[in-house]
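These figures come from a predicted structure and were not determined experimentally.
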Amino acid sequence: MPNVSRRRESDGTFWWARLLPARLLRISRLEVAVTGMASAFLLVFYALNLFNDFSSPVLHALAVVRVLGALAGVILVWAYLDRFPLWIAYLGAVSELSAFVIFVGFSVNHEQIVFRLQEFPLIALYLSWLFTPNITRWTIYPVMLFTIPYSVYLGPAVGTEHQSGLLNVLSLVFFTMAGMFVGHFVKRRFRQQTQIDALTGALNRTGLAARGDAALVAARRTYRPLAVALLDMDGFKQINDKEGHEAGDRALKSLVKHLRSSTRAGDLVCRLGGDEFVLVFPDTSRCEAQQLMERIEASSDLAWSFGTAQARNDDNLSTMILRADRDMYALKRSRASERKRAQGEG
């Protein structure tokens with residue numbers, strides 16, 4: 001009998017995916033899926049917490065607010081799916097950190113203190129996985145540096161059985177630091193495995209979809225131009241046929257190295273497959289992209305052709321690349337005609 005923990009459905013998901021609504025299976029962004037699961041867990045936890053006795057109406061009101069916040073997270077993930085804005089997830093994490101400060105630093109609620117001490121490293125892990133290291137550090141460190149010393153030396157739990165002992169404090173600091181390291185490491189490795197072309201180090205199709213779409217959205221939001229260039233190598237098949245695939249691989253690596261060294265830090269270099277590449281130029285018009293590509297081509301040791309396109313109001317990356325592709329083949333035809341004319345004159 002097969003192990004059910006390893007059984008998969010025909011669509012590649014685990015067996016327990018049958019328990020989820022079909023709509024949720026459309027989520028492809030892992031960070032959104034994790035946010036949805038965390039919101040659902042907190043919704044159940046905080047709903048059960050409402051049945052406890054509260055020492056004041058204020059704490060009861062806060063408990064109700066936490067339930068509503070978790071419910072809002074679940075609803076927004078359901079409504080937006082992959083379009084769920086991560087700044088909402090950040091606000092949710094900050095609200096949980098605020099609860100950590102309140103209960104650990106300013107209360108003697110032993111159950112809540114224990115829960116918050118256990119939750120804090122998980123919040124650090126969550127933030128470090130979703131956001132940049134700087135955002136995570138500037139969010140986690142101030143909370144930890146204030147709350148821990150205050151609760152140990154000045155808080156209302158000092159001298160009571162609710163006091164967080166030295167071992168608890170050291171454990172919190174250690175697991176928080178470990179959680180941040182693991183989160184950033186996993187995020188980096190996940191991006192490398194899913195968004196980076198293993199041969200050349202350029203972005204792959206998945207990376208282009210993620211970062212290219214983000215660049216297009218940013219361009220529309222700021223009313224700035226954005227251009228793309230599509231290029232493929234001339235005579236790449238002959239390189240593979242005459243010199244072997246290793247020579248072809250070296251040529252692709254050399255091309256990507258040249259493209260990266262010749263473009264700006266914010267530009268994207270992506271490999272579509274084979275010898276086809278896409279470059280994304282934020283804050284750049286088609287005319288500027290054309291001039292830039294001509295300079296890059298002139299300094300390249302390899303021969304290639306390219307086409308460019310600028311974003312329109314109704315564009316997406318696919319339609320832009322399609323126009324750049326047409327522009328590239330128009331250039332190829334023009335160059336072929338020039339060669340034939342030159343040969344005829346010769």
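- In this structure, Arg66 does not pair ionically with Glu96, as no charged nitrogen and carboxylate oxygen lie closer than 4.0 Å.
- Side-chain contact between Asn134 and Arg137: present, with at least one pair of heavy atoms (C-beta onward) separated by less than 4.5 Å.
- Between Phe174 and Leu170, the closest side-chain pair of non-hydrogen atoms is not below 4.5 Å.
- To the nearest 0.5 Å, atoms CG (Leu24) and CE (Met37) are separated by 10.5 Å.
- For the residue pair Tyr90 and Thr139, a side-chain donor N or O sits within less than 3.5 Å of a side-chain acceptor on the partner.
- Expressed to the nearest 0.5 Å, how far CZ of Arg211 lies from CD of Gln195 amounts to 7.5 Å.
- At least one side-chain heavy atom of Leu130 sits under 4.5 Å from a side-chain heavy atom of Thr35.
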Q) Do Ile113 and Ser107 pass the side-chain contact (heavy atoms from CB on, under 4.5 Å) test, and can you show the C-alpha distance, the side-chain angles, and the key distance before you say yes or no? A) CA-CA 8 Å; Ile113 290 175; Ser107 81; 4.3 Å; yes
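- Nearest heavy-atom pair across Met233 and Ala251 is CE-CB, 3.9 Å.
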Q.
Walk me through whether Leu268 and Leu279 qualify under side-chain contact (heavy atoms from CB on, under 4.5 Å).
A. CA-CA 5 Å; Leu268 306 180; Leu279 287 83; over 6 Å; no
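- Grouping the Ile, Leu, Val, Met, Phe, Trp and Tyr side chains by contacts below 4.5 angstrom, directly or via other members, places Leu292 apart from Leu230.
- Side chains of His184 and Thr132: no donor on one and acceptor on the other come within 3.5 Å.
- Between the side chain of Arg271 and the backbone N or O of Thr200, no donor-acceptor pair lies under 3.5 Å.
- Under the 4.0 Å criterion applied to side-chain N and carboxylate O atoms, Arg205 and Asp197 are not assigned as salt-bridge partners.
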**Q.** side-chain contact (heavy atoms from CB on, under 4.5 Å) evaluation trace for Leu208 with Asp213
**A.** CA-CA 7 Å; Leu208 172 62; Asp213 283 341; over 6 Å; no
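- At distances below 3.5 Å, at least one donor-acceptor pair connects side-chain atoms of Asp315 with backbone N or O atoms of Arg312.
- Across all their heavy atoms, Ala229 and Thr308 have their closest contact at CB-CG2, 3.9 Å.
- Linking Ile, Leu, Val, Met, Phe, Trp and Tyr whenever their side-chain heavy atoms come within less than 4.5 Å leaves Val74 and Val77 in two separate clusters.
- Under the 4.5 Å side-chain heavy-atom criterion for grouping Ile, Leu, Val, Met, Phe, Trp and Tyr, Leu71 is not connected to Val34 through any hydrophobic cluster.
- Of the possible polar contacts, one joining the Lys187 side chain to the Phe131 backbone as a donor-acceptor pair under 3.5 Å is found.
- When all heavy atoms of Ala324 and Ala309 are compared, the closest pair comes out as N-CB, 3.9 Å.
- The minimum heavy-atom distance between Asn316 and Ser318, with the atom names listed, is OD1-N, 3.0 Å.
- Relative ring orientation between Phe115 and Phe45 is described as parallel, the plane-to-plane angle staying below 30° on a 0-90° scale split at 30° and 60°.
- For the pair Asp283/Thr222, no side-chain contact is recorded, criterion being any heavy-atom separation below 4.5 Å from C-beta on.
- Between Ala63 and Asn49 the shortest heavy-atom distance is CB-ND2, 4.1 Å.
- A salt bridge links Lys332 with Asp234: the closest approach of a Lys/Arg side-chain nitrogen to an acidic carboxylate oxygen falls below 4.0 angstrom.
- Other residues, nucleotides and ligands contribute more than 12 heavy atoms inside 6.0 Å of the CZ atom of Arg23.
- Of the charged side-chain nitrogens involved, none lies within less than 4.0 Å of a carboxylate oxygen, so that Arg323 and Asp327 do not count as a salt-bridged pair.
- Annotation: side chain of Glu276 is not in contact with side chain of Trp304 (no heavy-atom distance under 4.5 Å).
- One finds the CE atom of Met144 at 11.0 Å from the CG atom of Leu97 (value rounded to the nearest 0.5 Å).
- Annotation: Asp314, atom CG; neighbour count of heavy atoms from other residues, nucleotides and ligands within 6.0 Å is above 12.
- Panel note: side chain His258, backbone Ile296; a donor-acceptor pair is recorded below 3.5 Å.
- The two atoms that bring Val280 and Ala215 nearest to each other are CG1-CB, 4.5 Å, heavy atoms only.
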Q: Show your working on side-chain contact (heavy atoms from CB on, under 4.5 Å) between Glu31 and Tyr126 and close with a plain yes or no.
A: CA-CA 9 Å; Glu31 59 269 31; Tyr126 175 77; over 6 Å; no
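- A donor-acceptor contact shorter than 3.5 Å is absent between the side chain of Arg260 and the backbone of Leu255.
- Side-chain contact between Leu122 and Phe175: absent, with no pair of heavy atoms (C-beta onward) separated by less than 4.5 Å.
- A salt bridge does not link Asp82 with Arg29: every distance from a Lys NZ or Arg NE/NH1/NH2 to an Asp or Glu carboxylate oxygen is 4.0 Å or more.
- Side-chain atoms of Ser262 never come within 3.5 Å of backbone atoms of Leu259 as a donor-acceptor pair (strictly under, hydrogens ignored).
- Atoms CZ and CD, on Arg295 and Gln291 in that order, are 6.5 Å from each other to the nearest 0.5 Å.
- Cluster annotation: Tyr150 and Phe100 are assigned to the same hydrophobic cluster (Ile/Leu/Val/Met/Phe/Trp/Tyr, side-chain heavy-atom contacts under 4.5 Å, transitive).
- A donor-acceptor contact closer than 3.5 angstrom is absent between the side chains of Gln310 and Ser285.
- No single ILVMFWY cluster, assembled from side-chain heavy atoms under 4.5 Å apart, contains both Phe306 and Leu203.
- Of the possible polar contacts, one joining the Asp267 side chain to the Arg264 backbone as a donor-acceptor pair under 3.5 Å is found.
- Contact of the Tyr80 side chain with the Val32 side chain is not registered, since no non-hydrogen atoms from C-beta on lie closer than 4.5 Å.
- Put simply, OH on Tyr46 and CG on Leu43 are 11.0 Å apart, with the number rounded to the nearest 0.5 Å.
- Atom CE of Met180 is separated from atom CG of Leu125 by 10.5 Å, given to the nearest 0.5 angstrom.
- Within the 4.5 Å cutoff, the side chain of Val101 has no heavy atoms near those of the Arg116 side chain.
- Applying the side chain to side chain contact (heavy atoms under 4.5 Å, CB included) test between Thr176 and each of Pro121, Ser128, Ser171 identifies Pro121 as the sole match.
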